[in-house]
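For reference, the structure is listed below as structure tokens.
Residue numbers begin at 1 in each chain, while the letters A, B, ... track the order of the sequences.
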Protein chains: 2
Amino acid sequence: MSKPVEIIDELNLLSEHGVRNTRQRSAILQVLLASDIPLSAERIHEKTKEADADINLSTVYRFVEMLVEKNLATKSFNLEYGRATFELSNPHHRHHLTCTHCGEIVVIRECPLDKLCRALEEDTGFAVIGHRIELFGVCPKCQRELSTEEL
Amino acid sequence: MSKPVEIIDELNLLSEHGVRNTRQRSAILQVLLASDIPLSAERIHEKTKEADADINLSTVYRFVEMLVEKNLATKSFNLEYGRATFELSNPHHRHHLTCTHCGEIVVIRECPLDKLCRALEEDTGFAVIGHRIELFGVCPKCQRELSTEEL
DNA sequence: GTGATAGATGCAAATGCTTTGCATTTGCAT
DNA sequence: ATGCAAATGCAAAGCATTTGCATCTATCAC
């Protein structure tokens, strides 16, 4: 299996950052690129395993943390799930809406905070660097199930 | 020291929820009411100690988790700090802007997401229940310190 | 007030995600 | 091909949080 072009880009990006290109890192990037939702270290580990890459969980933790430090990935914490999650910093800044019952995730493309950030900089003098948004709700399917239970 | 009126309200609110009023819970509420920023369980524990209330850390964890379940408090996770934090669900929904260098926190009163939430409900069919926003930046003081270092 | 009891607390041990130390391996520049 | 700094694997440690259980206590019926 040859590497998708994005991974090569990412790996080049890494070497520009003075970071070595290894089998493990390539596999981890492949997993992250293939996912449009944030993944926990363990989930990344599982997925690399499914792709026949035998990677140590510590390596996953070390590498994703490095990506975060280099601003190539974003870390969040999924409270429901109790784990940190990671996703590549998307060129198109996005957020997610999660169903509190089944965990389904919907991608939100539009970010409503850009304007607020500029306004905050003026008001507070802070240099606003970034933000995280987590949205919660109940997906249509779970709404139907819940209303049935109540009968 | 007599209890502020808000605490009595909160305690009444609790007993309406079928929950006992104890010395420990009163002290924890007092701490939460006095803070306008989210506090970790450990921080709450310290503050109750400062107020001469000897409370076990487990009790803090159990009680704040109960408040969250009853929607009387909100839980978040402070990634920089590596701990969950809690604050009373404010009648006036608010968010915070945190300095990544010194940890200073500024309160944001206006929530920009209400409109987005309504729009999302139409688009996705989700019933949007809530959200968390975390904003990051560098406060004016740290900006000055950082630019000095670079000279 | 008294007693009964479900619920709350304290303590210590367990849990589970994440980090770390160290010996071994490996990318990559020369 | 070689050397070495960086990366990996493994196991042990760290640390916030949870849990089991014995003890205590707020609350309610009397």
How does DNA chain C look in dot-bracket notation if pairs are Watson-Crick or G-U with both distances under 3.5 Å, crossing ones as [ ], other-strand ones as |? ||||||||||||||||||||||||||||||
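Side-chain contact between B:Pro38 and B:Phe86 is absent, with no heavy-atom pair separated by less than 4.5 Å. You'll find the side chain of B:Ile105 stays beyond 4.5 Å of the side chain of B:Leu97, heavy atoms only. The shortest distance between side-chain heavy atoms of B:Lys75 and B:Glu65 falls below 4.5 Å. At a threshold of 4.5 Å between non-hydrogen side-chain atoms, the residues B:Met66 and B:Leu72 do not count as touching.
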Evaluate salt bridge (charged side-chain N to carboxylate O under 4.0 Å, His left out) for A:Arg43 paired with A:Glu87, printing each intermediate quantity in order. CA-CA 12 Å; A:Arg43 201 79 198 76; A:Glu87 63 188 321; over 6 Å; no
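Taking only side-chain nitrogens and oxygens, B:Gln24 never comes nearer than 4.0 Å to OP1 or OP2 of D:dT25. Taking side-chain N and O atoms only, B:Arg25 has a distance below 4.0 Å to OP1 or OP2 of C:dT9.
Of all non-hydrogen atoms in B:Ile55 and B:Gln24, the two that sit nearest each other are CD1-O, 3.5 Å. Shortest non-hydrogen contact noted between B:Leu39 and B:Lys47 is CD1-CD, 4.4 Å. Considering every non-hydrogen atom in both A:Phe126 and B:Glu104, the closest pair reads CZ-O, 4.2 Å.
The distance between atom NZ of B:Lys49 and atom P of C:dG10, rounded to the nearest whole Å, is 11 Å. Rounded to whole Å, the distance from CZ on A:Phe63 to P on D:dT8 is 8 Å. Rounded to whole Å, the distance from CG on A:Asp54 to C1' on C:dT26 is 16 Å. When the P atom of C:dA8 is taken as reference, atom CG of B:Leu29 falls 13 Å away, rounded to whole Å. Rounded to whole Å, atom P of D:dA16 lies 16 Å from atom CG of B:Leu39. Per the geometry, CZ belonging to A:Arg23 stands 14 Å off P belonging to C:dT25, to the nearest Å.
With 3.5 Å as the limit, one finds no donor-acceptor pair spanning the side chains of A:His131 and B:His95.
Only one option out of A:Asn78, A:Ile44, A:Ile37 pairs with A:Thr85 in a side-chain contact (heavy atoms from CB on, under 4.5 Å); it is A:Asn78.
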Protein proximity profile, nucleotides 13-23 of chain C - base contact B, sugar-phosphate-only contact S, no contact -, cut-off 4.0 Å on heavy atoms: ----SSBBB--
Any N/O pairs under 3.5 Å between the protein and nucleotides 1-4 of chain D? List them or say none.
none

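Distances from the side chain of B:Met66 to the nucleotides D:dT8, C:dT9, C:dA8 place C:dA8 closest.
How far CG of A:Asn56 is from NE2 of A:His45: 6.5 Å, rounded to the nearest 0.5 Å.
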